[in-house]
Amino acid sequence: MEYRKIKDEDNDGGTLSNDIENLRGIGFSGVASVSNVPPREQAKWKRKTVVTVALTFLTSSQAILIVWSKRAGKYEYSVTTANFLVETLKCALSLAALARIWKSEGVTEDNRLSTTLDEVIVYPIPALLYLVKNLLQYYIFAYVDAPGYQILKNLNIISTGVLYRIILKKKLSDIQWAAFILLCAGCTTAQLNSRSDHVLQTSLPGWIMAIVMALLSGFAGVYTEAIIKKRPSRNINVQNFWLYISGMAFNAIAILIQDFDAVMNKGFFHGYSIITTLMILNHALSGIAVSMVMKYADNIVKVYSTSVAMLLTAVVSVFLFGFNLTLAFFLGATVVSVSVYLHSAGKLQR
């Protein structure tokens, strides 16, 4: 398939590690002067750094806002309508960014919304995959409890690495594969608690659903990166617009399937609050940050960013919710830190 043919070293497709390597210079014996780095490379490195840091902090606050949006442990609002509004807001923000670009730079071949069917027909595929994955989420809890589900979600890390290699044809060094496995182990260790052993008793249907969800999530992410990087010069806001239009359509279908009666009887915005609004804004900005990481970095950077965000969430929860950090958390955080270092070192040795 044409979308799989993404070169390892295209103009915009390098990872954050590539730029770090450029800034470090040759070897580790000295520190290279940033002034020796071409301005374009410095700009690319800064852009990737900004979107990665933004994704990390936005993701770390997601879980906190979700918890705050509950009342008596339950969602009083419709989750499907909230997801629809997230996609709508992302689409609106992309259009606003485009309008600003059109005003300053004019309409060009790369920033115009008009496109061909061949280009736009691929955008609904990731949205459909995420919709199926989100629907499965409702059924997996019949076979596994919430702590077990959080642990099984770490299968996404491995699936992303495998699909990244298969679909994008990008190679990871042996050290990077070891780092990826350590990342999965570290995230799992950090989430262990007194009930975690129950995950080993998960029935076969539960394991199958967890694996399918991991594959769907990994494939959707890698495929999104493929279609975004297929045309590097294409403005990211145009690509986002078509992605989010598809997301709006599929989330509207989800409302019809799951919450149609509730929405008709109680209203579209029933149960919404200021916290709910902030949560929707956070998810929208996080989604845009993810697409920018896909454009200017890659899925591997996204996986590491969201994994670090999980640890930040736990630390912040100590002050907000009285969460107690365990020995398992500190061990897991240490393993994640080692994984980040090994991944960077493995990239430099390739």
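Judged as a salt bridge (Lys or Arg N to Asp or Glu O under 4.0 Å), not a single pair has a partner in residues 91-108 (not counting sequence neighbours). Sorted by first then second residue, the salt bridge (Lys or Arg N to Asp or Glu O under 4.0 Å) pairs that include residues 79-97, not counting sequence neighbours, are Glu87-Lys90. For residues 86-106, the set of pairs meeting the ring pair (Phe, Tyr, Trp, His ring centres under 6.0 Å) definition, not counting sequence neighbours, is empty.
Contact between Gly221 and Met294 at its shortest, heavy atoms only, is O-CE, 3.4 Å. Shown here for Leu163 and Leu215, the closest heavy-atom pair between the two residues is CD1-O, 3.7 Å. Across Pro126 and Ile227, no two heavy atoms sit closer than the pair CG-CD1, 4.2 Å. Looking at every heavy atom in both residues, Lys295 comes nearest to Pro232 through NZ-O, 3.2 Å. In this structure, Ala309 and Ser60 approach most closely via the heavy-atom pair O-CB, 3.4 Å. Taking both residues in full, the closest heavy atoms of Asn237 and Ala97 are given as OD1-CB, 3.4 Å, listed atom of the first, atom of the second, then distance.
With hydrogens and angles ignored, the 3.5 Å screen pairs no side-chain donor or acceptor of Trp68 with any backbone N or O of Ile275. For the pair Ser291 (side chain) and Ile288 (backbone), a donor-acceptor distance under 3.5 Å is present. With hydrogens and angles disregarded, no donor-acceptor distance shorter than 3.5 Å links the side chain of Ser344 to the backbone of Tyr341. The backbone N or O of Leu278 lies less than 3.5 Å from no partner atom in the side chain of Asn282, so there is not a single donor-acceptor pair. A donor-acceptor pair is defined here as one N or O able to donate and one able to accept, closer than 3.5 Å; such a pair exists between the side chain of Asn265 and the backbone of Asp261. Proximity of a side-chain donor or acceptor of Thr59 to a complementary backbone N or O of Thr56 within less than 3.5 Å is not detected. A distance-only check finds no donor-acceptor pair linking the side chain of Thr115 to the backbone of Val120 [under 3.5 Å]. With Asn111 contributing its side chain and Thr108 its backbone, the two residues share a donor-acceptor pair below 3.5 Å. Distance alone, capped at 3.5 Å, places no donor-acceptor pair between the Lys169 side chain and the Tyr164 backbone. Judged by distance alone, the side chain of Thr224 and the main-chain N or O of Ala220 form a donor-acceptor pair under 3.5 Å.
Looking at Thr276 and Ser273, their side chains do bring a donor and an acceptor atom within 3.5 Å of each other. Lys171 and Gln176 share no side-chain donor-acceptor pair at under 3.5 Å.
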### Message
Before you tell me yes or no, could you show the steps for Ser78 and His270 under side-chain contact (heavy atoms from CB on, under 4.5 Å), namely the whole-Å CA-CA distance, both residues' side-chain angles and the distance that decides it to 0.1 Å?
### Response
CA-CA 7 Å; Ser78 167; His270 173 77; over 6 Å; no
### Message
Between Leu216 and Leu136, does the side-chain contact (heavy atoms from CB on, under 4.5 Å) criterion hold? Intermediate values first, please.
### Response
CA-CA 10 Å; Leu216 287 172; Leu136 284 176; 4.0 Å; yes
### Task
Decide yes or no on side-chain contact (heavy atoms from CB on, under 4.5 Å) for Val263 and Thr81, but give the supporting numbers first.
CA-CA 8 Å; Val263 170; Thr81 61; 3.7 Å; yes
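The cluster map of Ile, Leu, Val, Met, Phe, Trp and Tyr, joined by side-chain heavy atoms under 4.5 Å apart, puts Phe329 and Val316 in the same cluster. Side-chain heavy atoms closer than 4.5 Å link hydrophobic residues (I, L, V, M, F, W, Y) into clusters, and following such links, even through other members, never connects Leu325 to Leu327. Following chains of ILVMFWY side-chain contacts shorter than 4.5 Å, one can reach Ile167 starting from Leu243, so the two form part of one hydrophobic cluster. Hydrophobic clustering, with ILVMFWY side chains joined whenever heavy atoms are under 4.5 angstrom apart, keeps Leu93 apart from Ile101. A continuous path of hydrophobic side-chain contacts links Val293 to Val340 [ILVMFWY only; heavy atoms under 4.5 Å].
Atom-to-atom distance recorded for Leu58:CG and Thr306:OG1 is 12.5 Å, nearest 0.5 angstrom. For the atom pair CE (Met279) and CD1 (Ile64), the distance works out to 14.0 Å, reported to the nearest 0.5 Å. For the atom pair CD (Gln258) and CG (Asn83), the distance works out to 9.0 Å, reported to the nearest 0.5 Å. With rounding to the nearest 0.5 angstrom, the OG atom of Ser305 is 12.5 Å from the CE atom of Met310. To the nearest 0.5 Å, the span separating CE on Met213 from CG on Leu129 amounts to 13.0 Å. Note: Leu256 CG to Met264 CE = 10.5 Å, rounded to the nearest 0.5 Å.
The residue from Trp177, Phe180, Phe219 that alone fulfils the side-chain contact (heavy atoms from CB on, under 4.5 Å) condition with Val162 is Trp177. Checked options Asn156, Val222, Leu155; the residue passing with Ser217 is Asn156 (criterion: side-chain contact (heavy atoms from CB on, under 4.5 Å)).
Atom CZ of Phe268 is surrounded by more than 12 heavy atoms from other residues, nucleotides or ligands within 6.0 Å. In this structure, Asn324 places its CG atom where only 12 or fewer heavy-atom neighbours from other residues, nucleotides or ligands lie under 6.0 Å away.
Checked against side chain to side chain contact (heavy atoms under 4.5 Å, CB included), Val67 has the following partners two or more places apart in sequence or in another chain: Phe321. Not counting sequence neighbours, the partners of Asn299 by the side-chain hydrogen bond (donor to acceptor under 3.5 Å, both in side chains) test are Glu225. In terms of the side chain to side chain contact (heavy atoms under 4.5 Å, CB included) criterion, residue partners of Ala254 (sequence neighbours excluded) are, by chain and number, Thr80, Leu131. For Lys302, there are no salt bridge (Lys or Arg N to Asp or Glu O under 4.0 Å) partners at least two apart in sequence or on another chain. Among residues two or more places apart in sequence or in another chain, the side-chain hydrogen bond (donor to acceptor under 3.5 Å, both in side chains) test is passed with Thr313 by none. Under the ring pair (Phe, Tyr, Trp, His ring centres under 6.0 Å) criterion, Tyr244 pairs with no residue at all, not counting sequence neighbours. Residues passing the side chain to side chain contact (heavy atoms under 4.5 Å, CB included) test with Ala127 are Ser246, Phe250, sequence neighbours excluded. Residues satisfying the salt bridge (Lys or Arg N to Asp or Glu O under 4.0 Å) criterion with Arg112, sequence neighbours excluded, are Glu109. Checked against ring pair (Phe, Tyr, Trp, His ring centres under 6.0 Å), Tyr272 has the following partners two or more places apart in sequence or in another chain: Tyr77, Phe269.
Considering only heavy atoms from C-beta on, Asp110 comes within 4.5 Å of Arg231 through its side chain. In this structure the side chain of Val336 reaches within 4.5 angstrom of the side chain of Cys187, judged on heavy atoms. Residues Val335 and Thr189 fail the side-chain proximity criterion, which asks for heavy atoms closer than 4.5 Å.
Aromatic ring orientation, His343 versus Tyr304: tilted (interplanar angle from 30° to 60°).
Lys70 forms a cation-pi arrangement with Tyr75, by the criterion of a distance under 6.0 Å to the ring centre and an angle within 45° of the ring axis.
Between Arg234 and Glu119 there is a salt bridge, since a side-chain N of the basic residue sits under 4.0 Å from a carboxylate O of the acidic one.
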